[in-house]
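Written out below as structure tokens is the structure these notes cover.
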Amino acid sequence: PCTAAFVVNDVDRVSTTISEQVPVWATMIDQLRAGAPRARIILVGYGVFVRPGGCFPAQPLLPGDASYLQAKVDELDDRQRRLAADK
């Protein structure tokens, strides 16, 4: 399973990367707002990227990996949604 490559010593590298990007996205929004204060900024999520549990053979992923990947997409969407609400 590829999930084991992303979670090492109880540290989820994908979650860490998402967290590291939040300030980058915040800066991007601030810069957009400074350059175009009347602009409407829309962040669009990803929806269902992979069915939780997978859909083998249409999605050639192990069920655990499919659920993990969709959970990371959901986490990314949630972090962006919270950032948009704060901005």
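Just so it is clear, the values below take in all heavy atoms, side chains as well, and ignore hydrogens, waters and symmetry mates. Everything numeric here is computed off the predicted structure, so don't read it as measured data. For reference, positions follow the sequence shown, starting with 1.
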Nearest-0.5 Å distance that lies between atom NZ in Lys72 and atom OG1 in Thr17: 10.0 Å
Atom of Gly35, atom of Pro37 and distance for their closest heavy-atom approach: C-CD, 3.7 Å
Shortest non-hydrogen separation from Ala66 to Gly53 and the atoms involved: CB-C, 3.9 Å
Tyr68 and Val7: CA distance, side-chain angles, deciding distance, side-chain contact (heavy atoms from CB on, under 4.5 Å) verdict: CA-CA 10 Å; Tyr68 172 80; Val7 181; 4.0 Å; yes
Polar side-chain atom of Gln70 near backbone of Val50 as donor-acceptor pair, under 3.5 Å: yes
Atom pair CZ (Arg13) and CD (Glu20), whose distance is rounded to the nearest 0.5 Å: 11.5 Å
Hydrophobic cluster membership, Phe6 vs Leu62, 4.5 Å side-chain cutoff: no
Heavy-atom side-chain proximity of Thr27 to Ile29 below 4.5 angstrom: no
Minimum heavy-atom distance Ala84-Leu43, with the two atoms named: CB-CD1, 3.9 Å
CZ/Arg51: more than 12 non-hydrogen atoms of other groups inside 6.0 Å: no
Stepwise side-chain contact (heavy atoms from CB on, under 4.5 Å) check, Arg33 with Ile41: CA-CA 8 Å; Arg33 198 167 303 289; Ile41 300 170; 4.0 Å; yes
Donor-acceptor contact present, side-chain Asp12 to main-chain Val14, <3.5 Å: yes
Residues Asp78 and Arg82 bridged, charged N to O under 4.0 Å: yes
Asp65 side-chain N/O to Thr3 backbone N/O, donor-acceptor pair under 3.5 Å: yes
Distance, nearest 0.5 Å, that separates CG of Leu61 from SG of Cys55: 10.5 Å
Nearest non-hydrogen partners of Phe49 and Gln59, listed with the distance: O-NE2, 3.9 Å
pair Leu76-Tyr46: side-chain heavy atoms closer than 4.5 Å: yes
